[in-house]
Amino acid sequence: MKYMILIYSDPAAGPAEGSPEMQAEFGQWMALTQELAESGQMVGGDALHPVQAATTVRVRDGEAVLTDGPFAETKEHLGGYYIVDVPDLDAATAWAARMPNAHYGSIEVRPVMVF
Amino acid sequence: MGGPGAVEDAYRREAAGVLAALVRYVGDVQLAEDALQEAALAAVATWGRRGIPDDPGAWLAVAARRRAIDLLRRERAQAGRAEALARLLALEGAVAAGEADPGLEMAAWPDDRLRLLFTCCHPALAMDARVALTLRLVGGLETPEVARAFLVAEPTMAQRLVRAKRKIRDAGIPYRVPGPEDLPERLAGVLSVVYLIFNEGYGASRGDRLVREDLCAEAIRLGELLTGLVPDEPEAHGLLALMRLNHARRDARVDALGRYVALERQDRGRWDRVMVAAGLADLERALALGRPGPYQVQAAVSALHAEAPDWESTDWRQIAALYGALMRRGRSPVVAVNHAVAVSMARGPAAGLALLGPLLADRRLSAYQPLHAAHAALRERAGDLGGAADAYRRAIALSANAVERAELERRLAALGEG
């Protein structure tokens, strides 16, 4: 089954930008991504720029209205995602638990719909 | 011949096993349940007319499988349906070729029930859904019965069950016994679901009856099933011991008028000695495995109560020590309050009140009824009647169970007479 692993965290809760801890976490992300790829279970995945770079689009009365920022103000922001193809939910949540930010952020696991 | 009662009994004995085995083949709880439901209707009609077959389980399994084949054919376009259909048709093919029906290897059925139990108690499901699913799918209760057990409306419970089954399917919650690395944690999750069912029956949080025996009996039945399935897990035996030792006191916990009777004042002659003996044997089995755990410790406390001739001559020192051991494993308000009560019995009310102090100062426990009930009783024993009255009033205001509340009101009224 395919699952999307959505990676959320509060930027204030994680290591500070440019700190050695941030460097260390970056190394962990690289290692995890490599391990996922080598397992043959990774379908895709990306890291996202922070929400300061987000633009939200809504079409109202036929017109596209653009607003600066994410669609909802939440403390935890979506920072990236993986899509994995694994046998079941236990396998997907096992990967999720290994996300380097899981100890201060939240990782949501969603099955991908099959048509 | 099978009268309606006999037909229903035969069905209920077999249904849970048939369902669990069918889930293994079709990989979808809802579809397996729908198929079994249709097979049940056929069973009622056929068995009522022609009598219950020699092997009702096999009859049901074959009937449910054929219904499942029909359902899968209709939904062939959906994901996973074609594979499930192929698996069932292979079984039918084997039967047609004159081979023994591979779908009727009943030796595999207990393992299927264990798998289904782990699926129902999966941590990705909300706790109320785990409880409902376990009662419905593993315990074999009908949806209205599950609804009654938790005093919710039938459509609400039906919805809860449908949602949970949909999540099992859509989220890919596996149908298997977890591997060795996850087993201890997941088994603890299963035990806590069973214990929650028991506790809901033992001290019904809602309603006007204190003990809901049907729920307690169902939890004990699940505990028996579990100890049969994982006989080397000491905590499974410990939980069964705990449930039996507590349930053995059921007749003495409520008086003829339905009023709650505290352990202190229970007529111990009314305890179910057969069940006590079974519980003590469970505990021995658990302890012999040499890996103590919280259920075993709690069962040991219950065993000390069961063996004591009365409240005063109970081995309170030992009980206080056991609660102390539980406190070191993780603090919970239930354990902390019981620890304080046990210490007060072993060393006097002042020692117990000293332990309650920090709990009473904890704002998170300000609405925890048992804390205030215990506080009131200790103040009373210490001779502080004013403090006791305040604490009783507080506990009364927090009681959602009518039987419990009436007992606290009785004690409050008795304060002035002492």
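Protein chains get the first letters and strands the later ones, always in sequence-line order, with residue 1 at the start of each. Scope of the values below: all heavy atoms of this structure, side chains included, with no hydrogens, waters or symmetry mates.
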More than 12 heavy atoms of other groups within 6.0 Å of Phe26(A) CZ: no
Neighbour count >12 (heavy atoms, 6.0 Å) for atom CZ, Arg291(B): yes
Heavy atoms of other groups near Glu181(B) CD, more than 12 under 6.0 Å: yes
Heavy atoms of other groups near Met30(A) CE, more than 12 under 6.0 Å: no
Rounded distance [0.5 Å steps], CD1 in Ile173(B) versus CG in Asp88(A): 10.0 Å
Min side-chain heavy-atom separation Gln78(B)-Val114(A) under 4.5 Å: no
Within 6.0 Å of NE2 in His103(A), more than 12 heavy atoms from elsewhere: yes
Cationic N near anionic O, under 4.0 Å, Asp170(B) to Arg110(A): no
Minimal non-hydrogen separation, Ala171(B) against Pro111(A), with atom names: CA-CG, 3.7 Å
Worked verdict on Leu89(A) versus His122(B) for side-chain contact (heavy atoms from CB on, under 4.5 Å): CA-CA 10 Å; Leu89(A) 181 64; His122(B) 197 280; 4.0 Å; yes
